[in-house]
Amino acid sequence: VCAGTTSVACFGTRNYVEYLPGDLPIVVSVPHGGALTPASIPDRTAGTTVTDTNTIELGRAVRDAFASGTGRTPHLIVMHLRRTKVDANREVVEAAQGNAEAQLAWTEYHQFIEQAIGLARATGGDGFYLDLHGHGHAKARLELGYRLSAATLNGSDADLDNAQVALASSLRVAAQKTTHGSASLLRGALSLGGLLAPALPAVPSPADPSPGSDPYFTGGYSTERHTVVIAGAQIESHYPGVRDSVSSRAAFGAALVTAIRAFVKEHLGLQI
Ligand SMILES: [Zn+2]
């Protein structure tokens with residue numbers, strides 16, 4: 001448990017995990033940007049090991065943008081181990097592959113996220129969780145993952161509304177509170193993708209409502225685990241114009257803050 005303040009970070013064992021507490025009901029995690037490669041943890045032998053380049057820097061830019069925009073800060077949790085050593089966005093067997101040191105870092109990372117979500121709900125009455133990633137897909141667009149398959153999102157708006165698919169997504173808490181139907185919540189003008197436009201192209205959004213047959217990340221372990229009591233999403237970001245420079249990351253942060261503030265106000269009644 002971290003007893004820090006908004007200006008003092010907490011670190012897990014051997015500084016593998018960093019938790020910067022905040023005072024906004026917003027929680028941001030960064031699982032795949034780490035660079036630490038201690039010899040005491042063997043390299044993982046299965047699963048994906050690629051680093052999401054500059055996503056720790058992106059997470060810090062998002063935190064700074066919230067501070068500039070709202071005068072308050074989101075909670076930020078960072079895994080500093082390289083993905084060759086642990087994958088914080090997988091269940092523990094694939095994540096740590098039996099290594100006790102990697103498993104401890106994985107456990108501390110998720111405990112910090114759970115602590116942050118508890119604090120977010122205590123300050124806001126509700127909250128929003130974002131898991132930040134970087135993708136290398138050909139299309140330069142954000143992939144917003146709500147734990148819904150491409151096949152589901154490729155359905156019509158009527159299909160989404162009739163099946164009330166948002167209740168089975170990472171936005172289920174928002175789906176229970178909003179006046180919007182599933183299609184509107186997931187890809188309408190006031191969806192996260194709709195609110196990020198035109199600054200940041202995103203799928204799903206009004207301009208780009210479904211992945212079609214393109215590669216698309218649906219949202220992983222963390223998005224599933226940490227959206228039980230608050231709503232959330234996985235954001236997979238492209239590199240050019242988002243992660244490639246200080247100014248790109250700042251612009252992404254500013255656009256994200258504007259979008260998140262409007263989203264949580266519209267669908268959760270949360271004023272930040
Ligand atoms: Zn990732």
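Given the structure is predicted, the values throughout are model-derived calculations rather than measurements. We count ligands from 1, going down the list as the structure has it; atoms in each ligand are counted the same way.
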Point to revise | Geometric cation-pi criterion R44 and W106, 6.0 Å radius, 45° cone | key: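 R44 over W106 ring: no.
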**Study point:** D23 CG to R72 CZ distance, which is reported to the nearest 0.5 Å
**Key:**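 Taking CG in D23 and CZ in R72, the distance rounds to 5.5 Å.
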**Study point:** Residues T53 and T51: side-chain donor-acceptor under 3.5 angstrom
**Key:**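 No, no side-chain donor-acceptor contact under 3.5 Å.
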Check your understanding: Any donor-acceptor pair under 3.5 Å linking the side chain of T70 with the backbone of F66?
Key ->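 Checked: pair present.
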Review point. When you check the space around the Zn ion (ligand 1), which protein N, O or S atoms turn up under 2.8 Å?
Key: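 Protein N, O or S atoms closer than 2.8 Å to the Zn ion (ligand 1): H32 ND1, D52 OD2, H133 ND1.
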Review point. Would you call E101 and R14 a salt bridge, taking side-chain N to carboxylate O under 4.0 Å as the test?
Key: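 Salt bridge flag = yes for R14 with E101.
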Review point. In terms of ring plane angle, is the pair F128 and F263 parallel, tilted or perpendicular, where the classes change at 30° and 60°?
Key: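 F128 and F263: perpendicular rings.
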